[in-house]
Amino acid sequence: MSITSSIFLIFLFFVFLIYFLIPKKFQWIFLLIASYIFYLFSGFGKILFLLFTTSITFFTGILLEKTDAELETILNNNVKPLSKEQRKKFKDSSKRKKRIILICALLLVLGILGVPKYYNFFAQNFNSLANVFSLDVDLSLLKYLLPLGISFYTFQSVGYIIDINRGKIKADRNFAKFALFLSFFPQIVQGPISRYDQLAHQLYEPHSFNYERVKFGLQLMLWGFFKKLVIADRLSIAVNSIFGNSFQYEGLSIFIGVLFFSFQMYCDFSGGIDIARGIAESMGISLVENFRRPFFSKSIDEYWRRWHISLGDWMRDYVFYPLALSKTFARLGKFSRKHLGNKIGKIIPIIIANLITFMAVGVWHGPYWKYVAFGTYYGLLISIGLLFKPFFQKIVRALKINTDCFSWRLTQISFVFTATTIGRYFVRADGLRHALQLLRQTFSIFNPWIFYDGTLLNLGLRVEDYYLLLISILFLILLEILKETGINIREKISHQNLVFRWSVYLIGIFAVLIFGIYGQEYDAVEFIYRGF
Amino acid sequence: MGTTKNFLRGTFFLIILFVIFSYVSEVFARKWDVQKYVDNFYEQPEDSIDVLFLGASGFGTGVSPLILWEEAGFTSFTRAIGAQQASMTYYYLLESLEYQHPDVVVLDAYRLIRHNKFEDLEVSYRRSYEPLKFSIIKLRSLFDITSDSDLDTFISFLFPFFRYHTRWPELERADFEFNNYDNDYSFLGQFPYFNANPVEMPEDLMAPTDEEVEIHDNELYYFEEMIRICREKDIKVFLLVMPRLSLAKYSEYNTVKKFADKHDLLFIDYNFPELMKVVDFNPATDMLDQSHINPCGAVKFSRHLAEVLKNNFSLPDKRNDPDYFQWHSNLEKLKEQISQNCN
């Protein structure tokens, strides 16, 4: 059930209605039921995957906490105080036990994600390799559909387990409540990837109907629908037309396709997240922000702190830091400082941790070499930035470039935008080879005549669609600029007079209804991130 | 702010939303040319129609209620919509019986042996469904015709705006004035398309055969239901096929004849060359396109049809009834156009 489908809107209407009508103590139970009904639409079998991950994560949490409690009991409740050695021995044994539990749980939880998501990728590459060495091995491929939102709820699970292991949070003792944390329907499809300490208590708390909050939530949903249905799905028509027959296009046509795809992807993903956050907000639940105007980033590093924030944060906390702060990396740092000098040597472990983290980001998106290349591309860009930062700073100083002005910031933003647009070649292409081919085609010819020879009108969009897109994207950029300057648009609107407020709402609603791409003629395009 | 105030505010907002939505829906609605025929039916006084023709374009182009009136004096109306499927004809019958109690219902037998899937004929369904006034029968037809479709299709029939919202670049002044069709239409369901496209008479037209065609369960069900309902209301049923020339097949005639015999119904198929000769049909001047006759041809067939109906059913002659004075002036209008366009 897509969250832009009519059946979902009907489902949502009844969820809102029942949620605020039933006694508050049952609200979380109802949310759990609603979430599982929503999930059921993706197929009964898929629920087993979700239940498996939920069970493993839930019991792992309890087991880890129990191990800690046992150690505490031994250390504190002994009539006869333990010697230092004995205390160390118990602590080591408990640590070992926790590590075994942790590793087993992570293997199971990540395995249930990894097998369906990555097995075919592994098997295909293994078979190709076996073929090169003329080995008579042929791993058969599996045929199935990936369970809905598995990448998102698995990462929530892993975060939960690691946080308990670190003693950051307490294990949930109520299985049903915990099941709700993993399955909360607005966010299970495409995130954001929430943390237990941020989300869980909100789901379990009772929430009264709050007119202002519901109004704000609905406004956010409306904005999400606008981005998704009016901009993203309209752009997708031209994007699919170009990439579906990419061999027919070259030069700027391909670049326009990728540029459109950049906006499509942003509006698609952030639109979906706004819908999810709007639904949650209406029910009094605040989901984390997943986008903070990424196109205004002045560095690649900053871009990844603004784009898919919850994934970036997750990777930082559970991949980058554990790697960068590990003993192995400390040894690596010592080694590199010794051989490459203090300045560069200090950066080397960070660069390697970054590369690994971004490759993980890439692989998280899907089991294809193009995503490995995508992750490596960003890892390399950030590494180059880190390595050459002093050099760039020297050039800036030598050329006496004023870095405290609009034009410099615009240059930086343009650079990041171009770099991320190139990164999208890997995302949109059918494979790594196709991505490289598209890059080649882009730079093969400079053909600005496509803007007036009718090429753009053969992509499935009418002139009126281009006008509409232009106005919509300018409007989007204007709102993003206002938000960037710290203006809360919903707050601003709420302080206006009723006629103005209602006019804004009605224009928004009818803009989506009239200009949205939906209905029989067009199927709303599946959310891009739903596939990850 | 109080809960009641918020509730009232929300309700008022929804009312405004609904009002604007209704207006926008009207603007975006497809303005069907058949709307004038449907409206013309609603304009008829209750219980004023003696013979009701129900079917597809063959009836709309071929049957002239005003010529029937001129020839035999009974009143009739042609409720015909291009490519109308038997299911919609069924609901047109039900809806018609809410307004009229005719003595005879003439069904387009060509639709008995034609079955099209919903997906292939969405336009035909919409053309039949959308112009109707809102009623329980219309709702029933909606549930029926979308029973095998998805929720989006159902919603788009219930609120056609969701089907036509993509029309925004092509909206015209007429869309905003809700009035882009002929308000003076008064030909009682007959299509007033006077073009003439010469057509050659197929050499093997209605070449005899013992073969039959299959009647789809769907069509069989609706035709039998229509017959049952008419009999319940003491209405006579008559099966008719208007000239289709190259589309006409003897095997189809065999099938309909068998069906008509089974149900003891009068059946006439005007595709037989002998009948065409009797009515003085000329394919060079009387055809609108390859399979539809034009009003010039309709005059000839309707004159013959008036005789058939008069001879087989007991129908009143209302030509001297002052309540039907308007029929004479409407007939004059039609005849004026005929004299201008037909030889």
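Below, each value reflects all heavy atoms present in this structure, side chains not excepted, and no hydrogens, waters or symmetry copies. Labels below follow one simple rule: chain letters A, B, ... track the order of the sequence lines, proteins then strands, and each chain is numbered from 1.
With a 4.5 Å cut-off on non-hydrogen atoms, B:Tyr164 does not touch chain A at all. Heavy atoms of B:Phe21 lying under 4.5 Å from chain A belong to its backbone as well as its side chain. For B:Ile155, the part lying under 4.5 angstrom from a heavy atom of chain A is the side chain only.
The minimum heavy-atom distance between B:Glu219 and B:Gln85, with the atom names listed, is OE2-OE1, 4.3 Å.
There is no side-chain donor-acceptor pair under 3.5 Å between A:Arg462 and B:Thr166.
From A:Ile242, atom CD1 reaches atom OG1 of A:Thr455 across 9.5 Å, with rounding to the nearest 0.5 Å.
Interface check for chain A: of the options B:Trp168, B:Phe28, B:Phe7, B:Phe161, the most heavy-atom pairs under 4.5 Å are formed by B:Trp168.
Taking the six-membered ring where tryptophan is involved, the planes of B:Phe77 and B:Phe41 are perpendicular, since the angle between them exceeds 60° and thus also 30°.
Residues from residues 504-514 of chain A that place a non-hydrogen atom less than 4.5 Å from a non-hydrogen atom of chain B comprise A:Tyr505, A:Leu506, A:Ile509, A:Phe510, A:Leu513, A:Ile514, given in numerical order.
Looking at B:Glu95 and B:Lys133, no side-chain N of the basic residue comes within less than 4.0 Å of a carboxylate O on the acidic one, giving no salt bridge.
Applying the side chain to side chain donor-acceptor pair (under 3.5 Å) test to every pair with at least one member in residues 275-286 of chain A, sequence neighbours left out, gives these pairs: A:Glu281-A:Arg490.
Looking at residues two or more places apart in sequence or on another chain, you find a side-chain contact (heavy atoms from CB on, under 4.5 Å) between B:Phe12 and A:Trp502, B:Ile16. Residues meeting the salt bridge (Lys or Arg N to Asp or Glu O under 4.0 Å) test with A:Arg213, sequence neighbours left out: none.
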